[in-house]
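First up is the structure itself, then whatever we jot down about it.
Atoms within each ligand, like the ligands themselves, are counted from 1 in listed order. Just so you know, these numbers use all the heavy atoms, side chains as well, and skip hydrogens, waters and symmetry mates.
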Amino acid sequence: MRTDILKQNEKSWNILSEAFFGVTALPVLGCSIPTENELHLFPDLNGKAVFEMGCGSGHSLKWCAEHGAKELFGLDISEEQLKTAKKLLAENGYSCTLFHQCMEDCSDIPQNYFDVVYSIYAIGWTVDLERTVKNAASYLKQGGIYIFSWDHPLLHCVDLESVSVSGGNRTVENKERIIFSGNYLKEDYYTFEKYGNPLTLQNRKLSTYINTLADAGFAVERVVEETDNTVIEKSADFNSGYYADSKAKKFPLSVVIKARKL
Ligand SMILES: C[S@@+](CC[C@H](N)C(=O)[O-])C[C@H]1O[C@@H](n2cnc3c(N)ncnc32)[C@H](O)[C@@H]1O
């Protein structure tokens with residue numbers, strides 16, 4: 001396992017913790033996609049035991065508690081994120097069990113216990129998808145639900161560019177187009193900086209997620225590849241940002257997968 005990457009990402013997430021307070025948390029599932037309020041992927045949480053892998057600032061666990069979940073468990077690689085989550089949940093009168101562990105290698109978690117295991121914008125951080133998904137299966141009761149969201153794998157492969165289309169000697173108009181600048185087939189690690197802190201991720205194909213679920217004993221019930229109507233309908237200026245609306249109008253920026261443990 002790439003423990004060097006885990007150590008680096010842990011250090012950076014501890015520094016970035018404050019900047020990610022409540023960012024991408026339920027009912028939000030991803031970028032420019034319909035929310036859980038529209039998609040209804042989660043089952044009725046009343047009296048249920050839920051476990052979030054990569055719980056960040058605890059906002060999604062709070063949402064589960066507000067929707068009736070009885071037992072809240074979470075884990076995160078970042079101690080700073082966990083401190084924030086603990087405080088947020090306590091301030092709102094919810095008790096929770098939090099583990100300072102990575103999703104690839106977490107012992108101590110009850111087995112065959114949870115009704116729902118989920119990760120909102122965290123699974124892509126794993127350096128061992130197979131192990132992470134197998135872990136999720138081991139925590140779930142038979143028939144339990146596993147839901148995760150992440151960047152759509154296409155997002156890493158495309159860029160927007162602005163081109164001038166000229167007629168004769170005159171420039172007629174500026175057009176924007178999406179160019180396929182990456183390689184969908186290569187599941188390589190790549191490193192980028194967030195506010196000066198290095199973070200490393202691995203791009204994965206959509207089929208890799210689905211096949212890994214199948215190998216771990218899950219049946220996939222739903223794959224969401226959509227852009228929210230509000231984004232489709234609004235006008236979007238040319239913007240080369242990673243999560244630009246102009247891209248979202250043409251393909252989904254995030255993907256959500258719901259599976260059931262067989
Ligand atoms: C975008 S945040 C998730 C936000 C969360 N859904 C919420 O409601 O606040 C991603 C989280 O994944 C955590 N993370 C990154 N790599 C991890 C790993 N290998 N194992 C566990 N957690 C990890 C980060 O520390 C961060 O808190």
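Atoms of ligand 1 lying under 4.0 Å from any heavy atom of A122, numbered from 1 in the order shown and given with element: 12 (O). The distance from ligand 1 to the heavy atoms of L75 drops below 4.0 Å at these ligand atoms: 21 (C). Taking every non-hydrogen atom of A25 and a distance limit under 4.0 Å, the qualifying atoms of ligand 1 come out as 7 (C), 8 (O). Against a heavy-atom cut-off of under 4.0 Å, G56 is close to the following atoms of ligand 1: 9 (O), 27 (O). In the vicinity of L6, heavy-atom distances shorter than 4.0 Å reach the ligand 1 atoms 19 (N). Interface atoms of ligand 1 facing S78, defined by a heavy-atom separation under 4.0 Å, are 25 (O).
Contacts of I77 with ligand 1, taken as heavy-atom pairs under 4.0 Å, involve both backbone and side chain. Only side-chain heavy atoms of E104 come within less than 4.0 Å of ligand 1; its backbone N, CA, C and O stay farther off. Using a 4.0 Å cut-off between heavy atoms, E10 makes no contact with ligand 1 at all.
Counting only heavy atoms from C-beta outward, the side chains of H152 and S254 never approach each other to under 4.5 Å. Side-chain contact check for L199 versus W13: some heavy-atom pair is nearer than 4.5 Å. Residues F251 and T227 form no side-chain contact, since every pair of their non-hydrogen atoms from C-beta on lies 4.5 Å or further apart. Considering only heavy atoms from C-beta on, Q101 stays 4.5 Å or farther from I77 through its side chain.
Remark: ligand 1 and S60 share an N or O pair separated by less than 3.5 Å (distance only, no angle test). The N/O atoms of Q101, backbone and side chain alike, include none that comes under 3.5 Å of an N/O atom in ligand 1. In terms of N/O distances under 3.5 Å, ligand 1 is approached by I120. For Y121, no nitrogen or oxygen atom sits less than 3.5 Å from a nitrogen or oxygen atom of ligand 1, counting backbone and side chain alike. An N or O contact shorter than 3.5 Å links S57 to ligand 1 by distance.
Between Y118 and F42, the ring planes are perpendicular. Angles over 60° get that label, and only those under 30° would be called parallel.
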*asked:* Set out, in order, the CA-CA distance, both residues' side-chain angles and the distance that settles salt bridge (charged side-chain N to carboxylate O under 4.0 Å, His left out) for E66 and K62, then state yes or no.
replied: CA-CA 6 Å; E66 287 163 354; K62 175 172 167 277; 3.0 Å; yes
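Looking only at protein heavy atoms, the nearest one to atom 16 (N) of ligand 1 is W125 CB, 3.2 Å. Protein heavy atom closest to atom 7 (C) of ligand 1, with residue, atom name and distance, is C55 O, 3.4 Å. Atom 18 (C) of ligand 1 has M103 CE, 3.6 Å as its closest protein atom, hydrogens excluded (heavy atom only). Protein heavy atom at the shortest distance from atom 25 (O) of ligand 1 is D76 OD1, 2.6 Å.
More than 12 heavy-atom neighbours from other residues, nucleotides or ligands sit within 6.0 angstrom of NZ on K249. No more than 12 heavy-atom neighbours from other residues, nucleotides or ligands sit within 6.0 angstrom of OH on Y195.
Through ILVMFWY side-chain contacts below 4.5 Å, L262 is grouped with nothing and stands alone.
The residues R204 and E187 are annotated as not salt-bridged, no charged nitrogen and carboxylate oxygen being separated by less than 4.0 angstrom.
For the ring pair (Phe, Tyr, Trp, His ring centres under 6.0 Å) test with Y139, the passing option among Y146, F51, Y113 is F51; the others fail.
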